[in-house]
Amino acid sequence: MTTTTPRPLVDAPQAGDPRLDADVTNVDIAHLSHVLLGHYPELRLAARNLMADERFHQVDGLSPAEHRERVLGQLRLLAVEGDVHRSFPTRFGGLEDHGGFLSRYEELTHADPSLQIKVGVQWGLFASAIYHLGTEGNHDEFLPDALSLAVPGAFAMTETGHGSDVAAIGTTATYDPATQEFVIHTPFRAAWKDYLGNAGLHGTAATVFARLITSPPGGRAVDHGVHAFYVPIRDAVTMEFLPGVGGEDDGLKGGLNGIDNGRLWFDQVRVPRTNLLNRYGDVAEDGTYSSPIPSPGRRFFTMLGTLVQGRVSLDGAAVSAARVGLTIAITYGNQRRQFSSASPTEEVVLLDYAEHQRRLLPLLAETYAAGFAHEDLLAAFDDVFSGRNDTPDSRADLETLAAALKPASTWHALNTLQVAREACGGAGYLTENRLTGLRADLDVFTTFEGDNTVLLQLVGKRLLTDYSKTFKGLDATKVARLVAERASDAARYRTPLHRAIQTIADVGDPRRSAGQLRETATQRELLVDRVETMVAEIAQALRPAQKADPATAAAIFNAHQHELIEAARAHAELVQWESFTAALERVTDPGTRQILTWVRDLFGLTVIERNLTWYLLNGRLSAGRARTVTSYIDRLLARLRPHAQSLVDAFGYEQAHLRAPIASGAEQVRQDEARAYYRAQRASGDAPVPEKYKR
């Protein structure tokens with residue numbers, strides 16, 4: 001395994017420097033790098049090594065047309081060299097290794113996010129829809145060409161008028177028993193399929209999601225809900241749309257312009273009955289519909305649940321992008337100098353400034369937390385899709401976990417890349433240093449594969465469902481008693497007594513208060529309590545909706561939507577903290593574990609600091625202890641400052657992955673040259689005298 005050589009601090013700390021508060025322990029970079037590679041270290045390293053090949057690198061300045069052709073060529077290379085079939089059945093050249101496939105796929109972000117997403121469209125969506133929603137007949141007919149890239153394909157689910165609300169899409173697939181064909185039709189403009197990768201230029205087929213409609217003899221037409229169909233869309237030679245199929249390019253986007261996103265519409269397009277991907281619903285020759293899942297609602301969510309890997313992969317890609325951004329910014333900040341301070345002849349390294357540490361190191365801690373949580377999500381995904389733990393409950397847990405972590409990591413990546421850009425000043429704004437390009441490419445991550453806010457609403461609803469289960473089986477008296485106990489408990493926290501107890505325990509000594517806050521049990525209690533209290537209060541507020549008419553119930557729910565989403569965000573932060581805490585047990589080097597514990601503490605206390613208003617208003621923290629949260633964060637930053645470079649070096653990126661001149665060591669060379677120049681000038685005695693010193 002190749003790791004980046006640790007870069008020493010530019011300056012040794014002097015007397016009075018807060019860095020002297022840091023422990024003398026150091027990060028074992030090789031060990032930590034191995035821990036960060038997660039469950040699939042060999043696969044990740046192999047993919048990372050492949051992405052070091054310049055054939056896969058994004059080239060700045062290409063036109064969208066040139067960028068698209070380059071990415072398509074890279075896709076063809078991956079079809080041969082990239083192990084892209086790994087998650088598919090062995091009879092199609094795969095290994096049915098679902099987690100391993102995603103671990104490799106996420107590494108493509110380092111080369112070009114457009115390539116990563118294009119791979120996701122072809123093999124993660126188009127081919128995977130055939131595999132997971134189809135049966136063996138569908139597999140034999142459609143999978144070989146999808147896997148070999150003989151048929152570039154689009155995943156036609158989203159519509160202009162219905163993005164996250166898939167259940168309400170307007171495209172129809174009406175069965176005609178006379179010809180044993182489905183008629184795919186777009187009844188109005190808002191039902192155009194939109195934002196589809198491969199639809200704008202390269203795709204020759206699509207998996208089209210439409211409402212399956214049958215008409216029993218002498219009966220009324222029946223809508224069986226959303227199903228997927230394999231639909232050819234272009235002539236493979238001329239690349240012209242087939243009869244009845246139309247569309248257009250989405251045009252220039254804010255990022256990911258190496259992908260040919262486009263729109264599709266269908267005017268009475270006929271496909272054979274066997275083009276229905278019929279694992280969860282089938283239509284016989286005479287038009288009789290059947291399904292192994294009788295409930296239409298459960299059938300719909302089961303079909304969509306098979307495609308959860310898109311959210312899992314975006315979570316991992318977002319973590320990778322944040323790691324790249326922080327490696328660039330912290331490396332640059334550890335070399336770039338600005339302003340003289342204690343010394344009249346030496347300028348200060350940017351990362352020695354407390355505010356620079358405040359900007360970057362909490363984001364580094366959150367990136368570590370997000371990375372460890374992603375590995376847990378990847379393990380849960382593989383457990384379900386491998387069949388080792390494939391139950392309705394485990395699938396529901398996986399979907400909830402993915403819906404919680406994907407918003408958390410994608411919002412975090414955008415914020416991290418923006419802060420990293422600003423922390424690098426004008427150099428960060430140059431395209432060659434990658435930060436602005438990554439920020440643009442990651443922007444859409446927050447709204448595709450599920451809009452982040454909508455996903456958090458799903459998480460919130462699941463939290464409410466789990467909360468309601470605590471009352472299941474209890475009679476009315478016991479329910480009332482339990483509700484009263486929880487209300488009494490909440491009231492107790494809001495009285496001055498609880499805060500007074502904290503103040504007495506701290507006896508005015510900030511160190512005693514800090515000692516409480518750095519304890520794992522205290523952090524867990526504060527994070528868990530916030531989630532549980534928020535969910536309980538929302539559940540109580542929504543109780544009247546249970547007996548209200550639909551309009552009133554909807555209004556009550558809408559009034560509390562924001563609180564529900566905030567509870568889901570708090571849940572996601574708790575999941576990340578718990579994953580980080582569990583990961584500490586996998587770190588065997590004592591010094592590395594101590595430093596990572598400080599990083600975990602920084603993450604947990606930063607979450608608490610962001611929500612101090614809640615903790616104060618709800619009586620969970622006294623004013624004195626709340627002040628200690630911020631002061632202890634400052635102390636942690638000083639402790640972690642000497643280890644910042646090692647913590648990003650442990651991500652294991654080489655210059656072939658970063659490709660940012662400001663993180664290449666060039667800045668250190670410039671700074672050393674400048675310092676040598678002024679030293680020589682002073683030594684010569686020829687240095688000009690500043691005007692203010694002239695007598």
Side-chain angles (χ1 to χ4, degrees), residues 37-48 50 75 77-108 116-153 155 207 228 230 277-280 292-293 301-317 374-399 401-402 449:
L37 287 169
H39 302 296
Y40 303 94
E42 295 83 5
L43 293 176
R44 285 195 182 278
L45 283 176
R48 195 172 293 179
L50 184 61
L75 222 65
L77 289 173
L78 287 176
V80 177
E81 304 177 29
D83 196 19
V84 290
H85 301 172
R86 190 173 193 88
S87 63
F88 293 92
T90 54
R91 67 193 183 97
F92 295 108
L95 295 171
E96 299 188 45
D97 179 7
H98 303 278
F101 167 74
L102 287 193
S103 71
R104 289 179 58 85
Y105 163 51
E106 293 156 5
E107 296 293 328
L108 306 187
Q116 189 247 348
I117 297 301
K118 184 92 164 177
V119 167
V121 169
Q122 181 65 29
W123 291 292
L125 292 175
F126 174 63
S128 286
I130 297 169
Y131 175 30
H132 292 298
L133 300 180
T135 52
E136 284 195 4
N138 300 135
H139 298 168
D140 292 338
E141 186 173 1
F142 304 127
L143 261 185
D145 286 345
L147 294 177
S148 69
L149 202 60
V151 174
F155 182 79
T207 48
Y230 183 94
L277 302 180
N278 61 342
R279 179 178 179 182
Y280 296 108
I293 305 175
F301 285 108
T302 300
M303 284 193 286
L304 261 60
T306 62
L307 306 171
V308 71
Q309 70 180 30
R311 293 168 188 169
V312 177
S313 65
L314 290 185
D315 178 52
H374 175 68
E375 286 301 321
D376 289 345
L377 173 61
L378 198 58
F381 169 77
D382 193 65
D383 275 350
V384 168
F385 279 75
S386 68
R388 288 190 301 273
N389 183 27
D390 188 3
T391 67
D393 285 345
S394 63
R395 280 188 176 260
D397 289 344
L398 170 62
E399 290 159 16
L401 186 58
E449 295 295 332

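Starting from 1, each residue takes its place in the sequence as its number.
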Starting from the C-alpha separation in whole Å, work towards a yes-or-no answer on side-chain contact (heavy atoms from CB on, under 4.5 Å) for Leu125 and Glu449.
CA-CA 10 Å; Leu125 292 175; Glu449 295 295 332; 3.4 Å; yes

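- Taking CG of Asp397 as the reference point, atom CG of Asn389 lies at 8.5 Å (rounded to 0.5 Å).
- A donor-acceptor contact shorter than 3.5 Å is absent between the side chain of Arg86 and the backbone of Asp97.
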Start with the C-alpha distance between Ile117 and Leu108, add both sets of side-chain angles, then the distance that settles side-chain contact (heavy atoms from CB on, under 4.5 Å), and finish with yes or no.
CA-CA 9 Å; Ile117 297 301; Leu108 306 187; over 6 Å; no

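- In this structure, CZ in Arg104 is found 15.0 Å from OG in Ser313, a value given to the nearest 0.5 Å.
- Here the straight-line distance linking atom OH of Tyr105 with atom CG of Asp83 works out to 15.0 Å at 0.5 Å rounding.
- When all heavy atoms of Glu106 and Gly316 are compared, the pair lying nearest together is CD-CA, 3.8 Å.
- Residue-environment remark: CD (Glu81) exceeds the threshold of 12 foreign heavy atoms within 6.0 Å.
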List the steps and the verdict of side-chain contact (heavy atoms from CB on, under 4.5 Å) for Leu398 and Leu377.
CA-CA 7 Å; Leu398 170 62; Leu377 173 61; 3.8 Å; yes

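- Contact between Ala129 and Leu277 at its shortest, heavy atoms only, is O-CD1, 3.7 Å.
- Using a 4.5 Å heavy-atom threshold, the side chains of Leu147 and Trp123 count as touching.
- Residues Val384 and Thr391 fail the side-chain proximity criterion, which asks for heavy atoms closer than 4.5 Å.
- Contact of the Glu96 side chain with the Ser386 side chain is not registered, since no non-hydrogen atoms from C-beta on lie closer than 4.5 Å.
- Minimum heavy-atom separation, Val121 to Gly153: CG1-O, 3.6 Å.
- Here the side chains of Leu43 and Leu37 are not in contact, with every heavy-atom distance at 4.5 Å or above.
- To the nearest 0.5 Å, atom CG of residue Leu143 and atom OH of residue Tyr230 are 9.5 Å apart.
- For the pair His98 (side chain) and Phe385 (backbone), a donor-acceptor distance under 3.5 Å is present.
- Atom CG in Leu401 sits 8.0 Å away from atom CG in Asp376 (nearest 0.5 Å).
- Within the 4.5 Å cutoff, no side-chain heavy atoms of Val84 are placed close to those of Gln122.
- Residues Leu102 and Tyr40 are not in side-chain contact: their nearest non-hydrogen atoms beyond the backbone lie 4.5 Å or more apart.
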side-chain contact (heavy atoms from CB on, under 4.5 Å) between Arg279 and Met303: does it pass, once the steps are laid out?
CA-CA 9 Å; Arg279 179 178 179 182; Met303 284 193 286; over 6 Å; no

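- Taking CG from Asn138 and CD from Glu136, the interatomic distance works out to 10.5 Å, rounded to the nearest 0.5 Å.
- In this structure, Val312 and His374 approach most closely via the heavy-atom pair O-CE1, 3.2 Å.
- Judged by distance alone, the side chain of Arg395 and the main-chain N or O of Thr302 form no donor-acceptor pair under 3.5 Å.
- A salt bridge is absent between Glu399 and Arg311: the closest approach of a Lys/Arg side-chain nitrogen to an acidic carboxylate oxygen does not fall below 4.0 angstrom.
- Within the 4.5 Å cutoff, the side chain of Phe92 has heavy atoms near those of the Asp140 side chain.
- The shortest distance between side-chain heavy atoms of Thr207 and Phe142 does not fall below 4.5 Å.
- A donor-acceptor contact shorter than 3.5 Å is absent between the side chain of Tyr280 and the backbone of Pro292.
- The aromatic rings of Phe101 and Phe88 stand perpendicular to each other, their planes meeting at an angle above 60°, with 30° marking the opposite boundary.
- Between Ala402 and Val308 the shortest heavy-atom distance is CB-CG2, 3.8 Å.
- For Ala379 against His39, the heavy-atom pair with the smallest separation is CB-NE2, 3.7 Å.
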